[in-house]
Colleague: 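Please find one structure pasted underneath; my questions will follow.
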Amino acid sequence: MKLNIVLLVFVLISAAIVSAVNIPINTNKEKPEQQGFKFDYSIFQQDKLSSANGGSHCAGCTIALTLVEQYSYIHNKTIEQSLDEICTFFPSNAGQVCIWLVNTYGKSIIQNFEKYEHADDVCHAMNICTSPECRLFPSNTPTYSNPEHKHEEYDASNPKVSADPWSWIQNLINLFSSKHLPIEDIDNDKYSMESTFRGYSWRGKDCNDLRSDIHPGINEETTTDPSIDWNCNGIYGVNNKSQSYEDLFCSGSGPMGVIVSGDSAGAHFSIPPQWMTASQINSTTYNGFLSILENEVDWPMRSAYTGWEPSTDTYTVDSMYLRMRERNFCNHRDYQNLGVNGASSGSTATKIIQSLSRNQQTDNPALFFLELIGNDVCSGHHTYDTMTTPQEFETNIVSILNYLDTQLPKGSHVVFVGLADGRVLWDSLWNRTHPLGATYEEVYDFLNCIQVSPCWGWMNPNETVRDFTSTRAAELSAVYNQIIKNYTFTNFDMIYYDFPFNAINAQWVAQGGQTWELIEPIDGFHPNQITNYLMASFFYNSLTQDKPEWLGNINPFNSQIQAIFGNQGGYV
Ligand SMILES: *[C@@H]1O[C@H](CO)[C@@H](O)[C@H](O)[C@H]1NC(C)=O
Ligand SMILES: *[C@@H]1O[C@H](CO)[C@@H](O)[C@H](O)[C@H]1NC(C)=O
Ligand SMILES: *[C@@H]1O[C@H](CO)[C@@H](O)[C@H](O)[C@H]1NC(C)=O
Ligand SMILES: *[C@@H]1O[C@H](CO)[C@@H](O)[C@H](O)[C@H]1NC(C)=O
Ligand SMILES: *[C@@H]1O[C@H](CO)[C@@H](O)[C@H](O)[C@H]1NC(C)=O
Ligand SMILES: *[C@@H]1O[C@H](CO)[C@@H](O)[C@H](O)[C@H]1NC(C)=O
């Protein structure tokens, strides 16, 4: 029997949910050597720091076994049959881990389901969850207090789920969490020919991975041989009068890349809902599973800032990058998404911003979005003390801007996006049913109980707490306009916009939509694909109105570029 990639997977997913928005460490308050390296996906360390009652292991166990329990019920199969079956739906290259987990836990899970019936109780019986108070389904009467059950206190330094698979996952995670740079990048120019692991899902595809002077974003005026496509925009060669096409079509067209630095919302974090909807689990549910993990469960290629994937029947994509490219085909492939799940102003300032690839001398200017919509006020801690203060926020943002002034080419522009007002989450979701079958209130309570909520402040039944969180978020957002007033930078100018969820929601509701339709169903927290799509036109329209000169002219040669170069090499 091959149980347990399932368990593994859902621990990982819950880790991803948590880390997507939750910084366990407020970097301002930590010793310098602790900054940076542990701020994201540090769920296993995080257990020691902040969680309780089993933490993420409890979340993973409960979620995974709830699905197994529901699957067995829906398909009238035993737990053993269900485990076997679901396990075959996962990619086979995770098999080693699967076998390890099965050998370790399979028997215990089956036996405990025979005794206790519900996932909450089974995870308690296995001492993976350790508090009787913390239940995903509080209305099921606890049964695990059966006299045979020996309670053990949770020991984060020796979690019940331990050893090999975790180091395997940890290694996988370290690959992308340490520097946020492509791992397949032979010439070290921070652009890749692979899609995942921070490759072209995130930054325009490299068209020559052996030369660091060839990559998206290069200003053609700094290049020589016109037969080479230096900036990978698909335009190269000469016409029958020996004139360089790049000169003819792009020189003086005001090319401008699009870059976003920010958090999981900027990277477009999204757990496919079918992964956690028992009624939809079948042999195709986990297709693409590994590449989704390799992209950190983010979808930058469909995001509001750097999306480039074509729309399909099931989703629509629009982005600032696509709009800039539509204005000027010379901008093809010039996008970078530096979003990191869990990023706050502190971690962006100390580390993440350095993953930017822009050469002040040889690259084109960029339209740079800085969006940090929640992690400065969100964590799993049940306290306000971990929230960033306005003074700390100012220090962090100014430090980011000072760095950008040394990196962005002259003529760049910075767009600040304010923090969200997350009260809308509770207000629109609390009494709705989560795909797992509990209400969102129950899911939020469960995550708070084990102290792994992505945002205790907003995913909280207490209105006072939610209001306080929003007040602090508004105070932090207000810092941006102060900075615009008080500072000037050599290489870019600045503008501020409120995070546009409320504007988009108002428009959506006016058209007959419901607010919950704009929020990611699994995490109950992130802006979903529809919201990303609508945010792109919000920012584009706002800039068209407020800063039309930032967008560059519409290139009169677009149709000629298309006639000669087709799709300019596409994206993949
Ligand atoms: C469920 O399966 C059992 C054993 O295979 C069978 O006896 C029972 O009739 C099935 N129930 C339904 C509703 O199909
Ligand atoms: C050069 O190309 C242009 C446009 O493609 C064409 O109209 C012209 O006839 C060509 N001239 C020669 C000498 O081939
Ligand atoms: C699996 O379920 C999805 C819906 O979640 C459905 O579209 C698909 O056709 C199903 N595939 C199979 C093989 O049953
Ligand atoms: C859920 O709560 C909202 C108020 O927050 C209320 O308007 C709505 O009717 C409730 N829905 C259900 C199904 O109880
Ligand atoms: C809500 O939170 C506030 C502030 O922490 C606290 O004083 C109050 O007692 C809480 N209310 C409830 C109903 O728990
Ligand atoms: C900006 O300047 C004003 C007036 O000098 C000062 O009160 C404020 O604290 C400054 N804010 C920032 C963010 O530097």
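In what follows, residues are counted from 1 in the order of the sequence shown.
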Colleague: Apply side-chain hydrogen bond (donor to acceptor under 3.5 Å, both in side chains) to Thr388 and Asp376, showing your working.
Modeller: CA-CA 5 Å; Thr388 307; Asp376 283 279; 2.6 Å; yes
Colleague: Taking all atoms of both residues into account, what is the closest heavy-atom pair of Gln360 and Thr406, and its distance?
Modeller: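 Closest heavy-atom pair between Gln360 and Thr406: OE1-O, 2.9 Å.
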Colleague: Less than 6.0 Å separating the ring centroids of Tyr305 and His268?
Modeller: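 Judged by ring-centre distance (under 6.0 Å), Tyr305 and His268 do not meet the cut-off.
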Colleague: Has Arg323 got a side-chain atom pairing as donor or acceptor with Ala536's backbone, closer than 3.5 angstrom?
Modeller: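 The answer is no, because no donor-acceptor pair under 3.5 Å joins these two groups.
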Colleague: Using modelled atom types only, decide if a donor and an acceptor are shared between the side chain of His180 and the backbone of Val340 within a distance under 3.5 Å.
Modeller: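 Looks like no, no N/O pair under 3.5 Å.
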Colleague: Between CG of Asn359 and OG1 of Thr222, what distance do you get to the nearest 0.5 Å?
Modeller: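 So the gap between those two atoms works out to 8.0 Å.
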Colleague: If we only count heavy atoms from C-beta on, is the Ile214 to Asp229 side-chain gap below 4.5 Å?
Modeller: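 They are not in side-chain contact.
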Colleague: Do Glu394 and Tyr480 meet the criterion of a side-chain donor-acceptor pair at a distance under 3.5 Å?
Modeller: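 The criterion, which ignores hydrogens and geometry beyond distance, is not satisfied for Tyr480 and Glu394.
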Colleague: Please find the pair of heavy atoms, one from Cys250 and one from Pro255, that lie closest to each other, and give the distance.
Modeller: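 What the structure gives for the nearest pair is O-CD, 4.1 Å.
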Colleague: Tell me if the centroids of the rings in Tyr245 and Phe565 come within less than 6.0 Å of each other.
Modeller: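 Distance test on ring centres: under 6.0 Å, yes.
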Colleague: When you look at Tyr335 and Trp308, which way does the side-chain hydrogen bond (donor to acceptor under 3.5 Å, both in side chains) test go after all the steps?
Modeller: CA-CA 9 Å; Tyr335 60 89; Trp308 51 265; 3.0 Å; yes
Colleague: With distance as the sole test, does Asn402 use its side chain to make a donor-acceptor pair with the main-chain N or O of Asp405 at under 3.5 Å?
Modeller: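 Between the backbone of Asp405 and the side chain of Asn402 there is no qualifying donor-acceptor contact (under 3.5 Å).
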Colleague: Report yes or no: does Asn553 contribute a side-chain atom to a donor-acceptor pair with the main-chain N or O of Asn555 at less than 3.5 Å?
Modeller: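 Not confirmed, Asn553 side chain does not pair with Asn555 backbone.
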Colleague: Main chain of Gly204, side chain of Gln336: is a donor-acceptor contact present, judged purely on distance under 3.5 Å?
Modeller: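 The answer is no, because no donor-acceptor pair under 3.5 Å joins these two groups.
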Colleague: Hey, are Asn396 and Ser345 close enough side-chain-wise for a donor-acceptor pair under 3.5 Å?
Modeller: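 Asn396 and Ser345 do have a side-chain donor-acceptor pair below 3.5 Å.
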Colleague: Return yes if some donor-acceptor pair links the side-chain N/O of Asn491 with the main-chain N/O of Gln407 below 3.5 Å, else return no.
Modeller: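 The answer is no, because no donor-acceptor pair under 3.5 Å joins these two groups.
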Colleague: Indicate the atoms forming the closest heavy-atom contact of Ile373 with Ala265, along with that distance.
Modeller: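 Nearest heavy atoms, Ile373 then Ala265: CD1-CB, 3.5 Å.
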Colleague: Do Asn528 and Thr531 meet the criterion of a side-chain donor-acceptor pair at a distance under 3.5 Å?
Modeller: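 Checked: Asn528/Thr531 side chains pair up, N/O donor to acceptor below 3.5 Å.
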Colleague: Using the side chain to side chain contact (heavy atoms under 4.5 Å, CB included) rule, take Leu367 and Val415 through it: C-alpha gap first, then chi angles, then the decisive distance, then the call.
Modeller: CA-CA 7 Å; Leu367 181 58; Val415 181; 4.0 Å; yes
Colleague: Less than 3.5 Å apart, any donor N or O on the side chain of Ser212 or Asp187 sitting next to an acceptor on the other?
Modeller: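 Result is no, nothing qualifies.
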Colleague: Take atom CZ of Phe416 as the centre, draw a 6.0 Å sphere, and report whether it contains more than 12 heavy atoms from other residues, nucleotides or ligands.
Modeller: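 Counting other residues, nucleotides and ligands, CZ of Phe416 exceeds 12 neighbours.
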Colleague: Would you confirm whether Glu194, through its side chain, and Glu184, through its main-chain N or O, come within 3.5 Å as a donor-acceptor pair?
Modeller: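 No.
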Colleague: Report yes or no: does Ser319 contribute a side-chain atom to a donor-acceptor pair with the main-chain N or O of Gly307 at less than 3.5 Å?
Modeller: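 At least one qualifying donor-acceptor pair exists.
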Colleague: Strictly below 4.0 Å, N to O, side chains only: are Asp206 and Arg211 in salt-bridge contact?
Modeller: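 Salt bridge between Asp206 and Arg211, a charged N being under 4.0 Å from a carboxylate O: no.
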Colleague: Mind checking whether Trp275 and Pro435 have side chains closer than 4.5 Å, heavy atoms only?
Modeller: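 They are not in contact (no side-chain heavy atoms under 4.5 Å apart), so the answer is no.
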Colleague: Atom CG in Leu322, atom OG1 in Thr306: separation rounded to 0.5 Å?
Modeller: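 If I round to the nearest 0.5 Å, the distance is 9.0 Å.
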Colleague: At their closest point, which heavy atom of Asn328 faces which heavy atom of Ser253, and how far apart are they?
Modeller: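 Result for this residue pair: ND2-OG, 2.9 Å.
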Colleague: Do the non-hydrogen side-chain atoms of Ile495 and Asp546 ever get within less than 4.5 Å of each other?
Modeller: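 Ile495 vs Asp546: side chains touch.
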Colleague: Given Leu372, which partner from the list Leu419, Ile397, Leu476 fulfils the side chain to side chain contact (heavy atoms under 4.5 Å, CB included) test?
Modeller: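 In the set Leu419, Ile397, Leu476, the residue that makes a side chain to side chain contact (heavy atoms under 4.5 Å, CB included) with Leu372 is Ile397.
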Colleague: Is the Phe90 ring parallel, tilted or perpendicular to the Phe289 ring (thresholds 30°, 60°)?
Modeller: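 Phe90 vs Phe289 ring planes: perpendicular.
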Colleague: What is the minimum heavy-atom distance between Ser227 and Tyr236, and which atoms define it?
Modeller: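 Here Ser227 and Tyr236 meet closest at O-CD1, 3.6 Å.
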Colleague: Establish, yes or no, whether the cationic atom of Arg325 lies under 6.0 Å from the six-membered ring centre of Tyr321 and within 45° of the ring axis.
Modeller: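 Cation-pi check for Arg325 and Tyr321: fails.
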Colleague: Rounded to the nearest 0.5 Å, how far does CG of Leu356 lie from CD1 of Ile259?
Modeller: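 With rounding to 0.5 Å, CD1 (Ile259) is 5.0 Å from CG (Leu356).
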Colleague: Any side-chain donor paired with an acceptor under 3.5 Å for His526 and Ser270?
Modeller: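 Per modelled atom types, His526 and Ser270 side chains form no pair under 3.5 Å.
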Colleague: Could you give the distance from OG (Ser412) to CE (Met494), rounded to the nearest 0.5 Å?
Modeller: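 It comes to 12.5 Å.
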Colleague: Is it true that Tyr533 and Phe538 have ring centroids separated by less than 6.0 Å?
Modeller: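 No, too far apart.
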Colleague: Strictly by modelled atom types, are Tyr315 and Asp313 linked by a side-chain donor-acceptor pair under 3.5 Å?
Modeller: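 Checked: Tyr315/Asp313 side chains show no N/O donor-acceptor pair below 3.5 Å.
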Colleague: What verdict does the side-chain hydrogen bond (donor to acceptor under 3.5 Å, both in side chains) test give for Asn295 and Thr196, after you've listed the backbone C-alpha separation in whole Å, the side-chain angles of each residue and the deciding distance to 0.1 Å?
Modeller: CA-CA 5 Å; Asn295 268 341; Thr196 60; 5.2 Å; no
Colleague: Under 3.5 Å, is there a donor-acceptor pair between the Ser303 and Asn532 side chains?
Modeller: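 Ser303 vs Asn532: no donor-acceptor pair found between side chains.
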Colleague: Walk me through it: do Glu371 and Tyr497 pass the test side-chain hydrogen bond (donor to acceptor under 3.5 Å, both in side chains)?
Modeller: CA-CA 10 Å; Glu371 70 83 56; Tyr497 289 115; over 6 Å; no
Colleague: Ignoring hydrogens and angles, tell me if any N or O in the side chain of Asn331 forms a donor-acceptor pair with the backbone of Met256 under 3.5 Å.
Modeller: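 Checked: pair present.
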Colleague: Take Tyr496 and Val417 through the test side chain to side chain contact (heavy atoms under 4.5 Å, CB included) and record every step on the way to the result.
Modeller: CA-CA 6 Å; Tyr496 167 80; Val417 181; over 6 Å; no
Colleague: Rounded to the nearest 0.5 Å, what's the gap from CG on Leu543 to CE on Met324? Could you check?
Modeller: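 Between Leu543 CG and Met324 CE, I get 8.5 Å after rounding to 0.5 Å.
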Colleague: Which pair of non-hydrogen atoms, one from Ile353 and one from Ser261, has the smallest distance, and what is that distance?
Modeller: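 It is CD1-OG, 4.0 Å.
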Colleague: Regarding Tyr191 and Arg333, do their side chains bring together a donor and an acceptor under 3.5 Å, going by distance alone?
Modeller: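 There is no such pair (donor and acceptor under 3.5 Å, judged by atom type) between the side chains of Tyr191 and Arg333.
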Colleague: Would you check, one step at a time, whether the test salt bridge (charged side-chain N to carboxylate O under 4.0 Å, His left out) holds for Asp189 with Arg203?
Modeller: CA-CA 11 Å; Asp189 61 2; Arg203 313 166 172 231; over 6 Å; no
Colleague: Could you check Phe501 against Met535 for side chain to side chain contact (heavy atoms under 4.5 Å, CB included), going step by step and ending with a plain yes or no?
Modeller: CA-CA 8 Å; Phe501 192 88; Met535 278 193 328; over 6 Å; no
Colleague: Could you check whether His413 and Phe492 have their ring centres less than 6.0 Å apart?
Modeller: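 Ring-ring flag for Phe492/His413: false, centres at least 6.0 Å apart.
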Colleague: Do any N or O atoms from the side chain of Asp209 and from the backbone of Ser192 form a donor-acceptor pair under 3.5 angstrom?
Modeller: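 Absent.
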Colleague: Once you measure the plane-to-plane angle for Phe249 and Phe557, does it fall in the parallel (<30°), tilted (30-60°) or perpendicular (>60°) bin?
Modeller: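 It falls in the tilted class, 30° to 60°.
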Colleague: Check the pair Leu338, Val260 against side chain to side chain contact (heavy atoms under 4.5 Å, CB included), reporting the backbone distance first and the verdict last.
Modeller: CA-CA 6 Å; Leu338 318 178; Val260 62; over 6 Å; no
Colleague: Calculate, to the nearest 0.5 Å, the distance between atoms CZ and CG belonging to Arg302 and Asp318 respectively.
Modeller: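 With rounding to 0.5 Å, CZ (Arg302) is 14.5 Å from CG (Asp318).
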Colleague: Is a side-chain donor-acceptor pair under 3.5 Å present for Asn231 with Glu246?
Modeller: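 Indeed, the side chains of Glu246 and Asn231 share at least one donor-acceptor pair under 3.5 Å.
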